[in-house]
Amino acid sequence: MLNQKVQEAINAQIKKEEFSSRLYLSMAIWCETNGYPGAAAFLYKHTEEERMHMMKFVRYVNSRGGSAVVSDIEKPEDKFSSLNDIFTKILVHEEFITTSINNLYGVTMDEKDYTTGNFLQWFITEQLEEENLMRTILDKISLVGLDKAGMFHIDKELEGMATATKSAPMA
Ligand code: OFO
């Protein structure tokens with residue numbers, strides 16, 4: 001049976017993963033309606049990845065004899081000013097998620113639930129990859145500044161990343 005404190009902490013994380021999915025959906029919609037189809041494709045894909053993270057937690061809780069919870073979710077913001085604005089916010093959000101996963105790992109260690117701690121390793125690695133990826137994209141966006149041709153190129157690169165099997169860091 002899953003430890004009660006661990007179950008509560010994972011259920012809180014499930015809510016955050018669902019929020020991430022909805023935040024990236026909101027950002028994808030902005031990109032698609034503001035001339036960035038590549039960034040939209042990238043973010044639509046990321047929306048699905050976040051939902052997959054949520055489902056991974058849901059299935060884990062249930063498989064350990066616990067019960068996953070679907071929570072109320074606040075509406076994500078939908079007003080953005082640029083791609084730079086969006087990827088800056090994504091990076092801040094992913095850093096927040098990394099802290100949250102680390103805290104969750106801390107709960108499993110406090111409760112001596114090493115099985116869940118082991119399960120969380122995948123998420124710890126995933127956060128590292130996601131933060132690196134978003135930081136690389138943001139660096140590129142900052143580099144081109146307001147240059148339209150540069151921004152068009154970045155949008156194309158994001159489109160390529162969306163069609164790749166797994167989001168890989170930009171060269
Ligand atoms: Fe973006 O990794 Fe889950 O939240």
Side-chain angles (χ1 to χ4, degrees), residues 2 6-32 36 38-64 66 68-78 80 83-109 113 115-142 154 157-170:
L2 193 57
V6 171
Q7 175 169 305
E8 279 167 21
I10 297 182
N11 275 326
Q13 188 64 35
I14 286 171
K15 179 176 177 171
K16 288 175 190 159
E17 299 295 339
E18 189 176 4
F19 179 79
S20 301
S21 179
R22 287 162 52 91
L23 175 63
Y24 299 153
L25 177 61
S26 177
M27 289 171 165
I29 291 168
W30 185 90
C31 290
E32 192 162 47
Y36 298 109
F42 176 86
L43 288 168
Y44 280 132
K45 186 177 177 199
H46 217 76
T47 294
E48 285 166 23
E49 281 182 18
E50 296 301 349
R51 192 177 157 74
M52 184 267 282
H53 295 170
M54 178 192 81
M55 289 307 297
K56 240 176 149 64
F57 279 120
V58 166
R59 301 305 297 274
Y60 178 77
V61 170
N62 295 346
S63 74
R64 290 284 313 277
V69 170
V70 178
S71 306
D72 283 348
I73 303 276
E74 62 271 33
K75 183 182 184 297
E77 70 172 304
D78 55 9
F80 305 100
L83 267 197
N84 196 325
D85 180 33
I86 282 186
F87 278 89
T88 300
K89 283 171 177 160
I90 292 176
L91 183 56
V92 168
H93 184 70
E94 287 300 334
E95 285 168 350
F96 161 74
I97 294 293
T98 299
T99 303
S100 181
I101 297 277
N102 286 340
N103 291 340
L104 178 53
Y105 186 75
V107 174
T108 65
M109 291 300 107
D113 179 354
T115 308
T116 303
N118 197 34
F119 165 76
L120 288 175
Q121 293 299 328
W122 183 89
F123 287 92
I124 291 168
T125 308
E126 177 74 5
Q127 280 313 117
L128 192 66
E129 285 175 10
E130 288 201 340
E131 273 194 36
N132 284 341
L133 175 65
M134 299 311 172
R135 211 168 274 123
T136 310
I137 295 170
L138 190 56
D139 282 350
K140 285 213 171 193
I141 292 173
S142 308
I154 285 178
E157 268 196 70
L158 288 168
E159 187 160 40
M161 289 165 69
T163 49
T165 7
K166 165 94 185 146
S167 306
M170 287 169 145

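Counting starts at 1 for both ligands and their atoms, in listed order.
Within the 3.5 Å criterion, the main-chain N or O of Glu50 finds no donor-acceptor partner in the side chain of Ser21. No donor-acceptor pair closer than 3.5 Å links the side chain of Lys15 to the backbone N or O of Ile73. Put simply, the side chain of Ser20 gets close to the backbone of Lys16: a donor and an acceptor are under 3.5 Å apart.
Annotation for Arg64: atom CZ counts as buried by contact number, over 12 foreign heavy atoms lying within 6.0 Å.
Taking the N/O/S atoms of Glu94 in turn, the shortest distance to atom 1 (Fe) of ligand 1 belongs to OE2. Looking at Glu50 and atom 1 (Fe) of ligand 1 together, the shortest N, O or S contact belongs to OE2.
Using a 4.0 Å cut-off to heavy atoms of Ser20, the atoms of ligand 1 that qualify are 4 (O). For ligand 1, the atoms lying closer than 4.0 Å to a non-hydrogen atom of His53 are 2 (O), 3 (Fe).
Residues Asn103 and Thr99 bring no donor and acceptor atom of their side chains to less than 3.5 Å of each other.
Because the distance cut-off is set at 2.8 Å, Glu17 qualifies as a neighbour of atom 3 (Fe) of ligand 1 through one of its N, O or S atoms.
Contact between Glu130 and ligand 1 is present, with at least one heavy atom of the residue lying under 4.0 Å from the ligand. Using a non-hydrogen distance threshold of 4.0 Å, Gln127 registers as a contact of ligand 1.
Contact between Asn11 and Val69 at its shortest, heavy atoms only, is OD1-N, 2.9 Å.
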